Amino acid sequence: MKLLLEELAAGNERVDYYMWDLYARVSQWYTADEAEKEARKALRLDTLHAIEHGGNETAEVADLIATAVLRRHLETMERLSIEYDFLPRESEILHLKFWDAARALMIEKGVLYQETEGKNKGCWVMRRAGSEVPTEGPDEDAKVIVRSNGTVTYVGKDIAYHLWKFGLLGKDFGYKPFHQYPNHMCWISTEHGEEQHPYFGRADAIYNVIDSRQNDPQNNVIQALRGMGYEDAADRYTHLNYEMVALTPRCAIELGYTVSEEDQQRAYIEVSGRKGFGVKADDLLDKLIAAAKVEVDSRHPELDEADRFETARKIAVGALRYFMLKYSRNTVIAFDFRDALSFEGETGPYVQYAIVRAANIFRKAGVAEQDAVSDLAAGDLLEGESGVSIWEVWLTASKLTMVIEQAIQNAEPAILAKYVFQLAQQFNNFYHKHHILTESDPAKKKLLLATAAVAKREMVRALSLLGIEAPEVM
RNA sequence: GCACCCGUAGCUCAGCUGGAUAGAGCGGCAGCCUCCGAAGCUGUAGGUCAGAAGUUCGAAUCUUCUCGGGUGCACCA
């Protein structure tokens, strides 16, 4: 395995892409041969147990692969300005006996009990949220936490993990540095870590950003917290769920996948790692950067290559982040290249462009934006048709703080995304109707400059909350 | 079978803690660069808000039911 990783590195091949393909092939291999099916499933289970148990060659190989892929993931996410502080690993949750501590707590609080009859006989189970407990006989609806063979299920490990997150477990990870960002260190869990390290866990609130298919398992964890009397913690636990991203049949065909007749009739097809069916973030970002670069190259030949690339990168990231955030959380995103690769209309670059336009005005006017908003007297300048485009900018710009609060309350970034697009639209309309630099009336010019300054300030503020920055030029 | 989500213009989506002629982008059609950058702006066509009943002065929005689509309900993770 070490040799393979070295070969991939030497050949400039990507580990994550290699493993993506291999994972799909292996997943299909399990069920490919009817006669071998059971044996292969058993091999899969044995391998998983070996990895969980640790201290063997299989676990070492798994660690090598997982770490190599993880490093690639961090690089991908860093391209989108997403950084991590700490990477807790399931292997430490197991090896540091987090589950044993959680199990003891759960039994002590009466949440976990051993079933003595029925289909779950011999298992340790937990009552499911919202289910009726039968007055007699076993609660067949209960969730199995510990299997009859003594191994713990995923939900059990997740409960232990979340008790740690809230500082309720009485145990902690070991920590070691993993990846150095320009401004801070990303730590990773380990069994025996360094003495000096920052503290994680003991969270005031938890937001788990996981798609809606995990609604039930997430509720199990919250139910466990409530059952243990940690009502306060349960209230501060938010499953920030969102609907999945799927591919349109057209998009799937464009990517070269074979799509069945039946699937072609559907509105969208669920992505699947096991089938190797999906779009890779790096590929999409590469496409976006390439498309933006072509435009920037032709518009700004005066810039050097590094600046042009950086500009294209900001535009590409703005397009991608906005695309992911403009849909409300309960909408299934039917991914389509035509929409995702667009820089026009309701997109991040549309807003970035409005900001660049505003910046150009101040650069050419020789006025500092922050000085533009003072001693204003609108007088009768807001009257009539042309006045509308001025005061609607002020009205919308003044609402940002309120919109932010609304977006937080609903845990819905799309509210902010829709808002900033509307503000950019109104600014562009205003920009078209009023020619600021050539305005001869000093009072009016002052008002127009102030309007541009306020619009720009609020657009920049809203975009930065969405993790999008506007380039200097575009 | 049970639970949750969705169904609004040709397409993709907002609007849903009730309020006036239901909005945006894309696509279609017709225009706008001698004027701060056209990745922009303007106009136009396009909708029985899936259907039905109910609550209300008033329903895309709330309630119930029906139809259609999706996702969960593992001794997988």
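Quick caveat: nothing in here was measured; it's all calculated off a predicted structure.
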Original post:
Taking atom CD of Gln409(A) as the centre, does the number of heavy atoms from other residues, nucleotides or ligands within less than 6.0 Å exceed 12?
Top reply: no
Subject >> Gap in Å between the two C1' atoms, one belonging to A60(B) and one to C13(B), rounded >> reply: 15 Å
Subject >> Separation of atom CG in Leu325(A) from atom P in C13(B), rounded to whole Å >> reply: 15 Å
Original post:
Nearest-Å distance, CZ (Arg329(A)) to P (C5(B))?
Top reply: 12 Å
Original post:
For A14(B), does either OP1 or OP2 sit under 4.0 Å from a side-chain N or O belonging to Thr331(A)?
Top reply: yes
Original post:
When the nearest nucleotide of RNA chain B is assigned to Arg213(A) and to Thr153(A) on a heavy-atom basis, which residue is associated with the more 5' position?
Top reply: Arg213(A)
Subject >> Side-chain H-bond candidate by donor/acceptor type, Asn360(A) with Arg363(A), under 3.5 Å >> reply: yes
Original post:
Asp158(A) has an atom CG; how far is it from atom P of A77(B), in whole Å?
Top reply: 12 Å
Original post:
What one-letter contact string describes nucleotides 21-37 of chain B from 5' to 3', where B marks a base within less than 4.0 Å of any protein heavy atom, S marks contact via sugar-phosphate atoms alone, and - marks no contact?
Top reply: ---SSS--------SBB
Subject >> Any donor-acceptor N or O pair under 3.5 Å, side chains Asp307(A), His300(A) >> reply: no
**OP:** Scan Tyr327(A) against the nucleic acid and name what it touches under 4.0 Å (heavy atoms): base, sugar-phosphate only, or nothing.
**Re:** sugar-phosphate
Original post:
Roughly, in whole Å, what's the span from CD in Glu140(A) to P in G1(B)?
Top reply: 21 Å
Original post:
Which nucleotide in the set C41(B), A39(B), A74(B) lies at the smallest distance from any side-chain heavy atom of Asn429(A)?
Top reply: C41(B)
Original post:
At under 4.0 Å between heavy atoms, what does Lys445(A) touch on the DNA or RNA strands: base, sugar-phosphate, or nothing?
Top reply: nothing
Original post:
If you take atom types as modelled and just measure distance, does the side chain of Ser212(A) reach the base of C5(B) with a donor-acceptor pair under 3.5 Å?
Top reply: no
**OP:** Identify whether any heavy atom of Arg274(A) sits under 4.0 Å from a base atom; if not, whether one sits that close to sugar-phosphate; answer base, sugar-phosphate or nothing.
**Re:** base
Original post:
Touch check for Ile315(A), heavy atoms < 4.0 angstrom, all strands: base, sugar-phosphate only, or nothing?
Top reply: base
Subject >> Separation between the C1' atoms of G10(B) and G47(B), rounded to whole Å >> reply: 11 Å
**OP:** Could you check how far CD of Glu295(A) sits from C1' of G40(B), rounded to whole Å?
**Re:** 13 Å
Original post:
Rounding to a whole Å, what distance do you find between Met244(A):CE and C4(B):C1'?
Top reply: 13 Å
**OP:** Among the candidates C41(B), U71(B), A77(B), find the nucleotide nearest to the side-chain atoms of Arg266(A).
**Re:** U71(B)
Subject >> C33(B), syn or anti by chi within 90 degrees of zero >> reply: syn
**OP:** Would you please say whether a donor-acceptor pair under 3.5 Å links the side chains of Asn428(A) and Tyr350(A)?
**Re:** yes
Original post:
In the strands shown, is C2(B) matched to any nucleotide by a Watson-Crick or G-U wobble pair with both distances under 3.5 Å, and which?
Top reply: G72(B)
Subject >> Lys275(A) atom NZ, over 12 foreign heavy atoms within 6.0 Å >> reply: no
Original post:
In whole Å, what separates the P atom of C32(B) from that of G23(B)?
Top reply: 28 Å
**OP:** Provide the Watson-Crick or G-U wobble partner of C35(B), both distances under 3.5 Å; none if there is no partner.
**Re:** none
**OP:** Rounded to the nearest angstrom, tell me the gap between atom CD1 in Ile333(A) and atom P in G70(B).
**Re:** 19 Å
Original post:
Does Tyr207(A) OH have over 12 foreign heavy atoms under 6.0 Å away?
Top reply: no
Original post:
Taking atom P in both C26(B) and U21(B), what distance in whole Å separates the two?
Top reply: 28 Å
**OP:** Cation-pi check, Lys399(A) to Tyr419(A): give yes when NZ or CZ is under 6.0 Å from the six-membered ring centre and within 45° of the ring axis, no otherwise.
**Re:** no
**OP:** Verify whether one side chain among Tyr327(A) and Glu243(A) offers a donor that lies under 3.5 Å from an acceptor in the other.
**Re:** no
**OP:** Assign Val296(A) to base, sugar-phosphate, or nothing according to its heavy-atom contacts below 4.0 angstrom with the strands shown.
**Re:** base
**OP:** Please measure how far the C1' atom in A9(B) lies from the corresponding atom in A50(B), and state the result in whole Å.
**Re:** 15 Å
**OP:** Could you check whether Glu270(A) gets within reach of a base, just the sugar-phosphate, or nothing at all, counting any heavy atom under 4.0 Å?
**Re:** sugar-phosphate
Subject >> First encountered from the 5' end of RNA chain B, between His49(A) and Asn215(A) >> reply: Asn215(A)
Original post:
Counting only heavy atoms not in Glu305(A), do more than 12 sit closer than 6.0 Å to its CD atom?
Top reply: yes
**OP:** Please check the phosphate of C41(B) (OP1 and OP2 only) for any side-chain N or O of Tyr350(A) closer than 4.0 Å.
**Re:** yes
Subject >> Span that lies between the C1' atom of A24(B) and that of G46(B), in whole angstrom >> reply: 14 Å
Subject >> N or O in side chain of Asn330(A) less than 4.0 angstrom from C5(B) OP1/OP2 >> reply: no
Original post:
For Gln214(A), which contact category applies under a 4.0 Å heavy-atom criterion: base, sugar-phosphate, or nothing?
Top reply: base
Original post:
Glu243(A) CD to C4(B) C1': how many Å, rounded?
Top reply: 9 Å
Subject >> Nucleotide opposite G7(B) in a Watson-Crick or G-U pair, distances under 3.5 Å >> reply: C67(B)
Subject >> Any side-chain donor near an acceptor of the partner, Arg329(A) and Asn410(A), under 3.5 Å >> reply: no
**OP:** Using a cut-off of 6.0 Å, state whether more than 12 heavy atoms not belonging to His53(A) lie near its atom NE2.
**Re:** no
**OP:** Using the C1' atom as the reference point in each nucleotide, state the distance between A53(B) and G15(B) in Å, no decimals.
**Re:** 25 Å
**OP:** With a 3.5 angstrom cut-off on both distances, give the Watson-Crick or G-U wobble partner of A14(B), or none if there isn't one.
**Re:** none
**OP:** Have a look at Asp211(A) and say if it touches a base, only the backbone sugar-phosphate, or nothing, with a 4.0 Å heavy-atom cut-off.
**Re:** nothing
Original post:
Tyr268(A) side chain: which of G72(B), G70(B), U12(B) is closest?
Top reply: G70(B)
**OP:** Report which part of the nucleic acid Ala414(A) touches: base, sugar-phosphate, or nothing (heavy-atom distance under 4.0 Å, all strands).
**Re:** nothing
Original post:
Counting only Watson-Crick or G-U wobble pairs whose two distances fall under 3.5 Å, which nucleotide matches U48(B)?
Top reply: none
Subject >> Base-pairing assignment for G19(B) (Watson-Crick or G-U wobble, both under 3.5 Å) >> reply: C57(B)
Subject >> Integer angstrom distance from the C1' of G7(B) to that of U12(B) >> reply: 14 Å
**OP:** Identify the nucleotide, in any strand shown, that forms a Watson-Crick or G-U wobble pair with A30(B), with both distances under 3.5 Å; if there is none, say none.
**Re:** U42(B)
